[in-house]
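What follows is a single structure, written as structure tokens, with notes after it.
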Amino acid sequence: MPTKRLVTIERHIIEQQKSFPQATGEFSALLYDIAFAAKVISREVRRAGLGDILGYTGSENVQGEQVRKLDEFADDVIYRAMDHTGRLCVLACEEREDIIPIPEEFKCGHYVLLYDPLDGSSNIDANVSIGTIFSIQRKISAGERGTLDDCLQPGHKQIGAGYVIYGSSTLLVYTAGLGVHGFTLDPTVGEFLLSHENIQIPKRGAIYSVNEGNTQNWDESMRRYIEYIKMPDKATGRPYSSRYIGSLVADFHRNLLYGGIFLYPADKKSPKGKLRVLYEVNPLAFLVEQAGGAASTGHQRILDIQPTDLHQRTPLIIGSLENVKEAETFLQGKR
Ligand code: AHM
Ligand code: MG
């Protein structure tokens with residue numbers, strides 16, 4: 001019986017690096033740093049809720065460590081895994097107002113890391129999947145230290161992106177521009193092992209994911225699209241299925257594997273949309289295009305947005321190519 005290749009994330013990153021003969025290994029090492037941070041966060045997410053039971057006293061746990069909210073913890077782990085490596089010149093994250101400089105005592109590198117440390121954190125207490133999302137850009141500013149301009153680059157300039165889902169298992173999915181690959185954490189050996197090679201999103205799917213509680217706040221074109229999508233699907237004759245977890249990473253991942261569409265449009269309450277360009281939307285847009293899908297604001301390709309603000313938001317329509325194109329025709333008033 002042929003055995004499957006046993007590929008750790010480290011081996012996979014090194015193999016992919018061979019496609020870039022000029023690569024120094026710095027970028028590969030950065031991806032590996034992210035995988036390391038993901039393992040630490042995963043360990044803590046798995047223990048969520050045990051604080052009270054295992055005898056955490058006051059604000060300290062049994063190891064004498066401070067007990068903090070998981071999203072703050074995740075942010076801190078990522079920062080501490082990255083600040084001293086000499087690979088990054090600046091970071092920015094959803095949780096912090098300004099860019100995060102590399103401390104003066106450490107060297108700066110050629111890359112920029114933008115991340116959402118724990119997306120969907122309102123789901124933590126209900127034991128629902130949550131995730132970390134990351135985007136990697138190249139340094140473009142001239143000085144030694146990174147600047148805001150390094151962070152405010154359009155998504156099509158990304159050289160890497162990915163996410164980690166802390167779900168029934170912990171899965172890391174990434175692209176470095178050569179397809180989309182998924183790795184499942186084997187907790188017994190502490191390694192991410194290749195489980196989903198070269199993921200392709202189906203051209204069309206029959207799942208739609210949207211917070212329909214917002215219907216009253218949508219504009220007419222969005223309402224018409226959702227009504228339309230509830231009709232039997234052209235290909236299968238069956239109506240679409242509604243699936244909405246409320247954790248972007250988990251909703252995205254399901255649709256990536258099964259095909260479908262996720263929408264978080266602009267509405268009366270959030271006229272610019274809810275999701276953040278730099279930390280949530282750009283990385284998923286890069287991944288979905290690499291997997292053969294599409295990501296749009298309804299009027300523009302997500303990866304072409306020129307960000308002007310670190311915490312800029314955008315409407316997001318993302319998923320299978322045909323579904324996204326079809327939704328655009330509605331949102332642009334063509335149907
Ligand atoms: P967060 O970054 O504060 O966790 O918010 C982002 C989350 C996404 O994971 C999810 O897709 C969306 O917010 C859900 O929003 P809503 O509750 O409005 O449907
Ligand atoms: Mg988020």
Side-chain angles (χ1 to χ4, degrees), residues 34 37-38 41 45 48 68-79 91-97 100 113-135 151 155 161-167 171 173 207-219 222-223 226 242-256 260-288 293 295-298 302 307 309-319 324 327:
I34 293 170
I41 298 168
V45 168
R68 271 170 308 160
K69 281 171 56 202
L70 264 183
D71 42 5
E72 282 171 23
F73 173 85
D75 181 15
D76 192 46
V77 166
I78 294 174
Y79 177 65
L91 303 86
C93 106
E94 197 188 292
E95 306 290 329
R96 309 197 202 187
E97 193 68 24
I100 312 166
L113 183 68
L114 306 154
Y115 61 100
D116 181 352
L118 214 53
D119 182 64
S121 48
S122 65
N123 278 322
I124 294 173
D125 291 343
N127 228 328
V128 173
S129 299
I130 47 182
T132 297
I133 315 177
F134 62 91
S135 157
C151 299
Y163 57 85
V164 186
I165 303 188
Y166 312 101
L171 194 76
V173 176
I207 291 176
Y208 75 102
S209 313
V210 69
N211 185 342
E212 277 194 88
N214 292 331
T215 305
Q216 293 308 314
N217 294 323
W218 293 340
D219 72 15
M222 176 66 191
R223 279 192 234 172
I226 296 298
S242 164
R243 295 282 184 275
Y244 190 72
I245 296 169
S247 281
L248 179 60
V249 168
D251 279 311
F252 175 82
H253 183 69
R254 182 202 50 242
N255 292 3
L256 182 68
I261 186 164
F262 173 98
L263 305 100
Y264 212 114
D267 62 33
K268 273 190 218 140
K269 259 189 3 218
S270 340
K272 294 186 171 159
K274 173 176 183 186
L275 299 170
R276 271 127 307 201
V277 176
L278 294 181
Y279 318 111
E280 297 171 321
V281 171
N282 271 348
L284 299 188
F286 186 21
L287 286 157
V288 86
S296 166
T297 63
I302 290 288
D309 181 326
L310 270 185
H311 296 282
Q312 189 168 325
R313 295 170 193 263
T314 177
L316 174 65
I317 322 294
I318 192 166
V324 172

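All ligand and atom numbering here is 1-based and tracks the order in the structure. Both backbone and side-chain heavy atoms feed into the values below; hydrogens, waters and symmetry mates do not. This structure is a prediction, so every number in the text was calculated from the model and none was measured.
Close approach to Glu280 involves these atoms of ligand 1, each under 4.0 Å from a residue heavy atom: 2 (O), 6 (C). Which parts of ligand 1 touch Leu248 is read off a 4.0 Å heavy-atom cut-off, strictly below it: atoms 8 (C), 9 (O), 10 (C), 11 (O). In summary, the atoms of ligand 1 found under 4.0 Å from a heavy atom of Ser121, numbered by their order in the structure, are 4 (O).
The distance from atom CG of Asn123 to atom OH of Tyr166, rounded to the nearest 0.5 Å, is 14.5 Å. We find the OG-CG distance between Ser121 and Asp116 to be 7.5 Å, quoted to the nearest 0.5 Å.
Residues Asn282 and Ser135 bring no donor and acceptor atom of their side chains to less than 3.5 Å of each other.
The main-chain N or O of Tyr208 is never found under 3.5 Å from a side-chain atom of Asn255 such that the two would form a donor-acceptor pair. A donor-acceptor pair under 3.5 Å is formed between the side chain of Thr215 and the backbone N or O of Glu212. In this structure a side-chain-to-backbone donor-acceptor pair under 3.5 Å is present from Arg313 to Lys274.
Contact annotation: the side chain of Pro117 approaches that of Glu95 to within less than 4.5 Å [non-hydrogen atoms, C-beta and beyond]. Leu113 places a side-chain heavy atom less than 4.5 Å from the side chain of Ile34.
The atom of Glu94 that is an N, O or S and sits closest to the Mg ion (ligand 2) is OE1. Within Glu280, OE2 is the N, O or S atom that lies nearest to the Mg ion (ligand 2).
Residue Val249 forms a side-chain contact (heavy atoms from CB on, under 4.5 Å) with just one option from Asp119, Leu171, Leu118, and that option is Asp119. Checking each of Ile130, Asn127, Thr132, Val164 against Val45 for a side-chain contact (heavy atoms from CB on, under 4.5 Å) leaves exactly one that passes, namely Ile130.
Atom 6 (C) of ligand 1 has Asp119 OD1, 3.4 Å as its closest protein atom, hydrogens excluded (heavy atom only). Ranking the protein heavy atoms by distance from atom 4 (O) of ligand 1 puts Gly120 N, 2.9 Å first. The single protein non-hydrogen atom nearest to atom 18 (O) of ligand 1 is Tyr264 OH, 2.5 Å, given as residue, atom name and distance. Looking at atom 19 (O) of ligand 1, its nearest protein heavy atom turns out to be Tyr244 OH, 2.5 Å. The closest protein non-hydrogen atom to atom 2 (O) of ligand 1 is Glu94 OE2, 2.9 Å. Ranking the protein heavy atoms by distance from atom 10 (C) of ligand 1 puts Gly246 O, 3.4 Å first. The protein heavy-atom contact nearest to atom 13 (O) of ligand 1 is Lys274 NZ, 3.0 Å.
Using a 4.0 Å heavy-atom cutoff, Ser247 is listed among the residues neighbouring ligand 1.
The proximity of Asp116 to ligand 1, defined as any non-hydrogen pair under 4.0 Å, is limited to the side chain.
Residue-to-ligand polar distances keep Leu118 apart from ligand 1: every N/O pair is separated by 3.5 Å or more. Checking only distances, Asn211 does come within under 3.5 Å of ligand 1, N or O to N or O.
The OD1 atom of Asp119 and the OD2 atom of Asp116 meet at the Mg ion (ligand 2) at an angle of about 90°, given to 10°.
Note: His311 and Tyr279 have tilted aromatic rings, judged against thresholds of 30 and 60 degrees for the angle between ring planes.
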